[in-house]
Amino acid sequence: MGEPAENTEQRSLDFIRTTVEQDLASNKFAGRVHTRFPPEPNAYLHIGHAKAICTNFGVAADYDGLCNLRFDDTNPSREEIEYVEAMKRDIQWLGFDWDDRLYHASDYFGYLYACAEELIKKGKAYVDDLSPAEIRAYRGTLTEPGRNSPYRDRSVEENLDLFRRMRAGEFPEESRVLRAKIDMASPNIVMRDPVLYRILYETHHRTGDEWCIYPLYDFTHCLSDSIEGITHSLCSLEFENNRALYDWILQELGTYRSYQYEFARLNLTYTLTSKRRLLALMDKGVVSGWDDPRLPTLVGMRRRGYTPEAIRAFMDAIGLSKANSVVDVALLEHFIRQDLNARAPRRMGVLDPLKLVIDNYPEDKVEELEAINNPEDETMGTRRVPFSRVLYIEQDDFREDPPRRFYRLSPGQEVRLRYAYLITCTDVIKDEHGQVIEVHATYDPATRGGDAPDGRRVRGTLHWVSAAHALPVTVRLYDRLFKVPDPAAYDDMTEALNPESLEVRTNCYAEPSLEGMEPGYTFQFERQGYFCVDSDSAPDQLVLNRTIALRDSWARIERQQQNR
RNA sequence: UGAGGGAUCGUCCAAUGGUAGGACAGCUGACUCUGGAUCAGCCGAUCGGGGUUCGAAUCCCUGUCCCUCAGCCA
């Protein structure tokens with residue numbers, strides 16, 4: 001994946017890859033690199049998961065290794081099959097492949113149970129009858145040690161008997177758990193006799209009612225890694241404290257030794273990724289669902305028009321480290337613009353139409369003018385765009401009283417209609433409120449195609465659509481969902497919402513070449529931004545989503561002028 | 001007043017004892033049939049204090065700040 005770095009200038013390695021290279025050099029894992037992406041199927045994948053996906057699959061790919069997809073489905077009360085399927089689609093869309101290595105932690109329930117019995121037999125685990133509240137009380141605090149449970153010193157035989165009866169369904173939920181026997185005085189709270197198994201009378205989406213006891217994350221994860229021969233188990237920072245337990249379990253059981261490394265998860269400005277918050281946005285009707293194009297979910301971003309290439313390039317750019325960080329969403333926006341600039345065909349469309357009549361252009365004449373599909377890539381060729389006497393231009397491209405540095409159309413001013421003619425504004429028609437509703441102009445027939453034979457310079461170039469040939473379309477102008485860089489800081493998210501995150505425009509016109517385009521088709525509306533066809537489109541009515549606006553330096557100039 | 005981590009331009013990431021560099025953002029300018037793209041330039045950082053050293057972001061001491069952990073969640 002990705003280009004090999006320049007031969008001369010070697011790219012620096014992140015701390016994970018540095019470790020991997022050292023391990024390869026020392027032959028620690030017999031030359032293998034094997035990672036895994038282990039999501040819990042309890043929500044849709046978002047941009048934060050994408051970092052984990054790119055990291056795990058990326059590290060494996062960089063060193064001719066393998067990366068498994070493993071669903072961490074140890075909690076039947078929160079997981080659903082719908083999420084499993086959605087996650088698979090999203091990972092594939094991102095461009096990664098687990099081949100035949102699709103696993104589930106639940107595949108290992110039998111093995112995990114055997115491991116638990118072995119721990120009991122070694123005197124390293126015991127059944128505890130304490131209630132959840134008592135366990136909490138006995139655990140101690142961050143500064144005070146915990147106390148041993150009165151059930152801590154049961155015999156191996158009694159523990160085995162009790163654990164088997166837990167499995168057999170003889171006890172109610174919360175009445176007993178299996179705990180590791182480590183050290184209730186450990187300064188690391190994770191090591192204070194962590195719970196390994198709990199009783200849950202819950203139907204599992206894969207194992208049905210086969211089990212009524214389920215292993216917890218700490219017990220499951222390390223052993224799953226071990227079973228799969230994972231060499232480098234990459235996870236996020238909050239598991240640093242758990243590494244001690246990860247190592248303890250593999251050590252005590254003497255199984256294949258996998259190693260855990262933690263890296264900082266991705267945070268983005270103006271963005272929320274917590275499942276709870278995302279769900280709340282849906283509940284409140286702020287967004288339409290998991291695939292709302294304003295959401296940072298992979299389905300949402302896909303619908304918005306983000307490409308996997310852009311997301312992967314972004315992940316390469318932000319790097320990997322152990323420092324908590326918040327990446328500027330502008331960097332993500334940069335990468336989608338960069339990708340689409342190179343690949344998206346150019347089209348013309350008017351989002352806020354103003355009628356323009358070329359008075360000296362023949363009434364019923366129609367010309368097909370040649371337009372370049374992508375100036376960045378001449379192999380994309382050209383197309384023909386119909387031109388006639390009555391056109392639509394953008395309301396913003398006309399000012400009766402132009403401010404300084406306004407190069408667009410205004411009375412007496414000459415501009416270029418892209419790929420068409422140079423025109424000069426001659427007249428303005430207003431309604432009873434003084435609103436400009438129509439502009440008149442004359443064209444210079446010698447400038448067909450947009451070039452002036454006399455070499456006269458024209459600063460402004462406008463996009464346009466022939467009224468008689470225009471394709472009416474609906475356009476959804478998306479912007480950032482939040483107006484503040486750190487929406488998570490708000491108890492009430494709605495205060496942080498950007499009221500302009502979605503503007504639907506129903507009276508837009510596009511050039512006719514867009515007719516019949518399928519959902520997912522991505523293009524640039526010249527001078528405006530990148531758009532894609534939404535799945536809500538009907539055969540006779542395209543719905544277009546704005547992925548991202550073009551950089552708008554005129555808007556910046558205007559802002560500066562206002563601030564003076 | 002426990003344990004585990006982390007502090008480098010506004011942001012993210014490099015530099016592992018030898019000129020603190022890149023990307024994004026911002027600002028100038030050039031160019032342009034997209035006020036896009038491109039190109040050139042500018043702005044801009046080693047958490048504080050000591051020490052070792054010819055030389056410290058890097059090593060040592062010390063202080064400060066930030067994050068994580070007290071689920072039978074992951």
Side-chain angles (χ1 to χ4, degrees), chain A residues 11-14 18 38-40 42 72 74-75 77-78 128 130-132 135-137 139-146 173-179 186-192 194-200 213-214 216-218 220-221 235-244 262 264 266 269 314 316-335 337-338 341-342 346 348 371-372 375-376 405-408 415-420 422 447 449-452 458-463 485 524-529 549-557:
Chain A
R11 263 177 63 193
S12 61
L13 297 174
D14 56 70
T18 300
E40 181 188 19
N42 72 339
D72 208 339
T74 60
N75 189 341
S77 56
R78 4 193 287 164
D128 195 352
L130 254 26
S131 70
I135 287 180
R136 194 180 321 125
R139 185 150 32 221
T141 69
L142 294 179
T143 52
E144 304 161 280
E173 289 186 7
E174 299 196 340
S175 62
R176 279 175 235 261
V177 290
L178 182 74
R179 300 178 72 173
S186 171
N188 180 357
I189 293 185
V190 171
M191 300 300 273
R192 316 238 263 232
V195 175
L196 268 21
Y197 264 91
R198 80 288 221 183
I199 299 169
L200 240 34
I213 57 172
Y214 291 94
L216 274 87
Y217 167 84
D218 283 311
T220 309
H221 203 90
C235 65
S236 49
L237 252 27
E238 65 266 31
F239 293 102
E240 278 175 329
N241 296 333
N242 299 55
R243 190 175 61 234
E262 312 87 13
L266 171 65
T269 57
F314 169 72
D316 278 347
I318 60 172
L320 261 190
S321 76
K322 298 195 67 148
N324 299 66
S325 61
V326 184
V327 177
D328 192 339
V329 75
L331 187 60
L332 214 210
E333 294 172 344
H334 161 77
F335 280 104
R337 283 196 187 99
Q338 179 178 278
N341 176 53
R346 308 296 124 117
M348 290 197 286
I372 294 166
E376 303 292 320
R405 296 177 72 184
F406 184 83
Y407 305 143
R408 282 114 96 142
V415 300
R416 174 174 23 247
L417 293 180
R418 182 98 157 133
Y419 299 126
L422 301 189
T447 59
D451 291 307
V458 178
R459 293 300 293 263
T461 298
L462 273 44
H463 61 273
Q524 181 196 96
F525 265 149
E526 292 221 18
R527 303 210 299 137
Q528 311 203 85
L550 252 31
R551 289 182 55 149
D552 188 350
S553 53
W554 166 241
R556 204 178 307 138
I557 291 166

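A, B, ... follow the sequence lines: proteins, then strands. Residue 1 opens every chain. Since this is a predicted model, take the numbers as computed values, not measurements.
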Take the protein atom [atom1] of [X] and the nucleotide atom [atom2] of [N], then report the distance between them rounded to whole Å.
X	N	atom1	atom2	answer
A/E262	B/rA3	CD	C1'	14 Å
A/L332	B/rU11	CG	P	18 Å
A/D14	B/rU16	CG	C1'	15 Å
A/Y407	B/rU34	OH	C1'	15 Å
A/R556	B/rU28	CZ	C1'	12 Å
A/N341	B/rU32	CG	C1'	14 Å
A/Q528	B/rG35	CD	P	11 Å
A/E376	B/rU32	CD	C1'	11 Å

Could you grab the distance from atom [atom1] of [X] to atom [atom2] of [Y], nearest 0.5 Å is fine?
X	Y	atom1	atom2	result
A/I189	A/M191	CD1	CE	13.0 Å
A/L200	A/I213	CG	CD1	10.5 Å
A/L266	A/S236	CG	OG	11.5 Å
A/R346	A/Q528	CZ	CD	13.0 Å
A/R176	A/D128	CZ	CG	10.0 Å

CA sep, side-chain torsions, deciding dist, call: A/R198, A/E174, salt bridge (charged side-chain N to carboxylate O under 4.0 Å, His left out): CA-CA 7 Å; A/R198 80 288 221 183; A/E174 299 196 340; over 6 Å; no
Name the nucleic acid region contacted by [X], choosing base, sugar-phosphate or nothing; use a 4.0 angstrom heavy-atom cut-off, strictly under.
X	result
A/F525	nothing
A/Q524	base
A/V458	nothing

Which dot-bracket string describes RNA chain B (Watson-Crick N1-N3 plus N6-O4 or O6-N4, or G-U N1-O2 and O6-N3, all under 3.5 Å; [ ] crossing; | other strand)? .((((((..((((....[..)))).(((((.......)))))....(((((..]....))))))))))).....
Can the ring centroids of A/F406 and A/W554 be said to lie less than 6.0 angstrom from one another?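 When the ring centroids of A/F406 and A/W554 are compared, they turn out to be within the sub-6.0 Å range.
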I'd like to know if the side chain of A/S321 reaches the main chain of A/A323, judged simply by a donor and an acceptor atom lying under 3.5 Å from each other, with no hydrogens or angles considered. yes
Are the side chain of A/R459 and the backbone N or O of A/V415 linked by a donor-acceptor pair below 3.5 Å?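 Looks like no, no N/O pair under 3.5 Å.
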Is the closest side-chain donor-acceptor distance between [X] and [Y] under 3.5 Å?
X	Y	value
A/R418	A/H463	no
A/S186	A/N188	no
A/T461	A/R416	yes

How far does the [atom1] atom of [N] sit from the matching atom of [M], given to the nearest Å?
N	M	atom1	value
B/rA23	B/rG41	P	11 Å
B/rU8	B/rC59	P	15 Å
B/rC27	B/rG44	P	16 Å
B/rA57	B/rU16	C1'	10 Å
B/rU53	B/rU38	C1'	47 Å
B/rC67	B/rG55	C1'	34 Å
B/rG22	B/rC65	P	34 Å
B/rG26	B/rG17	C1'	35 Å

Between B/rU34, B/rG36, B/rC13, which nucleotide gets closest to the side-chain atoms of A/S321?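 Nucleotide nearest to A/S321's side chain: B/rC13.
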Work out which heavy atom in A/T447 is nearest to a heavy atom in A/L422; give both atom names and the distance.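 Looking at all heavy atoms of both residues, the closest pair is OG1-N, 2.9 Å.
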Summarise protein proximity over nucleotides 19-25 of chain B in one line of letters, 5' to 3': B for base, S for sugar-phosphate only, - for none, counting protein heavy atoms closer than 4.0 Å. -----SS
Given protein heavy atoms under 4.0 Å, the one-letter contact record of nucleotides 66-74 of chain B, with B base, S sugar-phosphate only and - none, is simply -SBBBSBBB
Can you check whether A/R405 has a side-chain N or O nearer than 4.0 Å to OP1 or OP2 of B/rG35? no
Pick one for B/rG71: is it syn, with its angle within 90° of 0, or anti? syn
Do A/R408 side-chain and B/rG35 base share a donor-acceptor contact under 3.5 Å?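 A donor-acceptor contact between them is present.
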Go nucleotide by nucleotide along RNA chain B from the 5' end; which of A/A264 and A/G450 gets its closest nucleotide reached first?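 The residue closer to the strand's 5' end, by nearest nucleotide, is A/A264.
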